[in-house]
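One structure is given here, and the rest of the page talks about it.
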Amino acid sequence: MSSLTDPPVAVSAGPWARAWRRFKRNRLGYWSLWLFGLLVVLSLVAELISNDRPLLLRYQGELYVPLLHDYPEKTFGGDFDTATDYLDPFIRQRLNSDGNWAVYALNPYGPKTLNYFAKAPNPSGPTADNWLGTDDRGRDLLAQLIYGFRVSVLFALALTLVGTLLGIVTGAIQGFFGGKTDLAFQRFIEIWGSMPELYLLIIFSAIFAPSLALLLVLLSLFGWMGLSDYVRAEFLRNRQLDYVRAARSLGVSNWHIITRHLLPNSLTPVVTFLPFRMSGAILALTSLDFLGLGVPPGTPSLGELLAQGKNSIDAWWISVFTFAVLVLTLLLLTFMGDALRDALDPRKADQ
């Protein structure tokens, strides 16, 4: 027999399973989830797809793994002790002669690789060597997009996670305790939300060296307030329900009531807004990179590529392909968010 303090049926496995079935019925959102997941997985193994080093090679009977180790040029018959440039035609010839062989990535360029042997001045358009062309520094655009997508998605995941945790904690405290606690938090949010976020980013960028960690901290300080309002509203509504009052009358601790009873029943807006929060984080990073306030120089960045496209109007491929990647990413996240919203809509719970 269940006790009076048990949470309602809404948090059981059944409703969540039905929500998943409703999500799957939204074909656009469902396949967007699969495609976005595939792109993320491929970006996580980008070194196997786009790299200027062979994945594995055999030279004079010995096996080498350049992907994991640096080898001097003298190892392969060169003249210098510096790291081998595997795009050098002389090294390529050495590795493909006398029974030697090398396995290269599908795109033989890394995010920082400069194509010194390009046949056209930089930025150069799509060719057989650089499928999407090069940027103004001679770096392969396809490699820049692959690694830039990974940086954007991982940063968005981290920012979404931190902002979500802060929003849940602050919203739960406000909604559960109410009264003066809620009033004090609301006044603090009003003051904190009026701070000029962009100016603070400019100031801190001038004081500290640019880094993803600094951006994550600064954006997290402001990114939790929107979600906090939704969690607060859910807690204010759910704390008046009978099962919560019964738990209080039985002496159940506040921590137990929050974590076991209220929080599981207040996660609907949190889950629904996750894809949209990721979209906002990707746009924020891209915008800051476009303005020169984002990632450190040399880091693959979609925003930097858009800035290059603005400064090099004739190099249409930079803007077109970068914009296509950004639009595709945001569309997939938007479709996933719409599908989640419909799947968790209480008005469709009986469907």
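Positions are given from 1 along the sequence.
Considering only heavy atoms from C-beta on, Tyr86 stays 4.5 Å or farther from Pro108 through its side chain. Under the 4.5 Å side-chain criterion, counting only non-hydrogen atoms from C-beta, Leu302 is not in contact with Phe290. Counting only heavy atoms from C-beta outward, the side chains of Leu200 and Leu218 never approach each other to under 4.5 Å.
The aromatic ring centres of Phe76 and Tyr64 sit less than 6.0 Å apart.
In terms of hydrophobic clustering, with Ile, Leu, Val, Met, Phe, Trp and Tyr side chains grouped at heavy-atom distances under 4.5 Å, Leu67 and Val45 are assigned to a common cluster.
Between the side chains of Arg92 and Tyr104, at least one donor N or O lies within less than 3.5 Å of an accepting N or O. Counted by atom type alone, Ser266 and Asn238 present one or more donor-acceptor pairs between their side chains at under 3.5 Å.
Taking 4.0 Å as the cut-off between side-chain N and carboxylate O, Asp81 and Lys74 count as a salt-bridged pair. Between Glu47 and Arg150, at least one side-chain N (NZ, or NE/NH1/NH2) sits under 4.0 Å from a carboxylate O, which counts as a salt bridge. Between Arg232 and Asp229 no salt bridge is recorded (no basic side-chain N to carboxylate O distance below 4.0 Å). Using a 4.0 Å cut-off between charged side-chain N and carboxylate O, Lys112 and Asp52 make no salt bridge.
Between Tyr30 and Trp34, the ring planes are perpendicular. Angles over 60° get that label, and only those under 30° would be called parallel. Using cut-offs of 30° and 60° for the angle between ring planes, the Trp192 and Phe222 rings count as parallel. Ring geometry, His261 versus His256: the interplanar angle exceeds 60°, so the pair is classed perpendicular (tilted spans 30 to 60°).
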